[in-house]
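These values consider heavy atoms only, across backbone and side chains, with no hydrogens, waters or symmetry-generated copies.
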Amino acid sequence: MMTLSEFRSLFHNGLVKQNTGLVQLLGLCPLLAISNTVVNALSLGLATMLVMAASSGAVSAARNFVPNEIRIPVFVLIIAALVTVIDLAMNAFVHPLYLVLGIFIPLITTNCIVLARADAFAAKNRPLHSVVDAVAMGLGLTLVLIVLGAMRELVGQGTLFSGIDLVFGEDAKQFVLHVLPDYRGFLLAVLPPGAFIALGLLIAAHNWNKARAEQRAQLTVPATA
């Protein structure tokens, strides 16, 4: 069983302390390439999180039966099989979105976040702990992707949720928010260099907030001593 403190610790690590997008800086290729809209970012984030959760659970369950010398090939084989399932499911049920995300769905197999958590955590912990850790890490990445996608889409097109019809059909176009009507757009925000700039701003904000928290903690200690 997992205690509440362990549960909180795993989610704190995944969302804040070891956030893969802001702290560990892992898996930046899809993060920078596909985060040009909220819908694309959310879709890839959820697909990655599902693969991480399933692969971490499978690796943890099989860890005692896999020789250490061949553990990495076996882990990659498990991840590749799960990515294939996600790839085929998206092709079948959300084909228009599948065409937009393209090669970045199969490339989840080589995403260093997925393999890193499988080898660093799931291979050493029980299945429940490994699945919760993977969900927390995947959720942290997904949140960064959503914020990055919102920033780029808003500055680049003046909208939010553009492309939502790719998931929910033509009728869903009415849910696209035109935040800046008659906005002509800013091409740099849509292109990959815009992703570098936006991610840099997010990392700077995260580090500033962390420094402020540490400063407040240092000021509090003498008062309570």
Side-chain angles (χ1 to χ4, degrees), residues 1-3 6-35 40-94 97-98 100-146 148-149 167:
M1 290 293 292
M2 176 183 293
T3 64
E6 289 175 326
F7 184 83
R8 287 177 176 172
S9 176
L10 289 175
F11 265 86
H12 180 69
N13 284 337
L15 297 178
V16 181
K17 190 176 179 180
Q18 298 179 16
N19 187 290
T20 54
L22 299 178
V23 179
Q24 298 187 62
L25 302 183
L26 294 174
L28 293 184
C29 293
L31 190 147
L32 296 174
I34 210 68
S35 62
N40 290 352
L42 175 62
S43 302
L44 187 64
L46 290 178
T48 305
M49 185 172 67
L50 284 175
V51 171
M52 285 184 69
S55 61
S56 289
V59 166
S60 178
R63 69 187 190 283
N64 295 327
F65 307 100
V66 179
N68 188 53
E69 293 79 7
I70 61 169
R71 72 183 195 285
I72 296 299
V74 171
F75 294 169
V76 172
L77 187 63
I78 292 173
I79 294 168
L82 293 167
V83 169
T84 302
V85 173
I86 296 291
D87 186 66
L88 294 175
M90 293 188 70
N91 191 7
F93 297 109
V94 285
L97 178 64
Y98 172 80
V100 172
L101 296 181
I103 189 65
F104 290 100
I105 295 299
L107 281 180
I108 294 175
T109 303
T110 59
N111 192 312
C112 46
I113 299 172
V114 182
L115 183 58
R117 295 317 294 180
D119 188 45
F121 193 93
K124 303 178 180 65
N125 291 276
R126 289 173 287 179
L128 180 58
H129 290 70
S130 301
V131 171
V132 172
D133 171 76
V135 169
M137 287 291 169
L139 190 59
L141 173 68
T142 303
L143 291 176
V144 173
L145 278 168
I146 292 173
L148 195 61
V167 181

Chemist: Specify the closest pair of heavy atoms between Gly45 and Leu145, including all atoms of both residues, with the distance to one decimal.
Modeler: CA-CD1, 3.7 Å
Chemist: What distance separates Met52 CE from Leu139 CG, expressed to the nearest 0.5 Å?
Modeler: 10.5 Å
Chemist: To the closest 0.5 Å, what do you measure between NZ (Lys17) and CG (Leu22)?
Modeler: 15.5 Å
Chemist: Please check if the side chain of Ser56 supplies one atom and the backbone of Ala53 the other of a donor-acceptor pair under 3.5 Å.
Modeler: no
Chemist: Is there a donor-acceptor contact under 3.5 Å from the side chain of Gln18 to the main chain of Asn13?
Modeler: no
Chemist: Ignoring hydrogens and angles, tell me if any N or O in the side chain of Lys124 forms a donor-acceptor pair with the backbone of Asp119 under 3.5 Å.
Modeler: yes
Chemist: Examine distances only and state if a side-chain atom of Thr48 and a backbone atom of Leu44 form a donor-acceptor pair shorter than 3.5 Å.
Modeler: yes
Chemist: Checking side chain to side chain contact (heavy atoms under 4.5 Å, CB included) for the pair Arg126/Arg63: CA distance, chi angles, key distance, verdict?
Modeler: CA-CA 9 Å; Arg126 289 173 287 179; Arg63 69 187 190 283; 4.1 Å; yes
Chemist: Looking only at atom types and distance, does a side-chain atom of Ser60 sit under 3.5 Å from a main-chain N or O of Asn125, one as donor and one as acceptor?
Modeler: yes
Chemist: Are Leu50 and Leu46 close enough, and set up right, to give a side chain to side chain contact (heavy atoms under 4.5 Å, CB included), and what steps lead you there?
Modeler: CA-CA 6 Å; Leu50 284 175; Leu46 290 178; 5.5 Å; no
Chemist: Nearest 0.5 Å, please: how far is CG in Leu26 from OG1 in Thr20?
Modeler: 7.0 Å
Chemist: Which heavy-atom pair separates Ala136 from Leu15 by the least distance, and what is that distance?
Modeler: O-CD2, 4.1 Å
Chemist: Pair Ile78, Val74 - check side chain to side chain contact (heavy atoms under 4.5 Å, CB included), show working.
Modeler: CA-CA 6 Å; Ile78 292 173; Val74 171; 4.2 Å; yes
Chemist: Begin with the C-alpha distance, continue with both residues' side-chain angles, and end with the deciding distance and a verdict on side chain to side chain contact (heavy atoms under 4.5 Å, CB included) for Leu10 and Phe121.
Modeler: CA-CA 11 Å; Leu10 289 175; Phe121 193 93; 3.7 Å; yes
Chemist: For a side-chain contact (heavy atoms from CB on, under 4.5 Å) with Val51, tell me which candidate from Asn111, Ile108, Asp87 qualifies.
Modeler: Ile108
Chemist: Could you grab the distance from atom CG of Leu115 to atom SG of Cys112, nearest 0.5 Å is fine?
Modeler: 8.5 Å
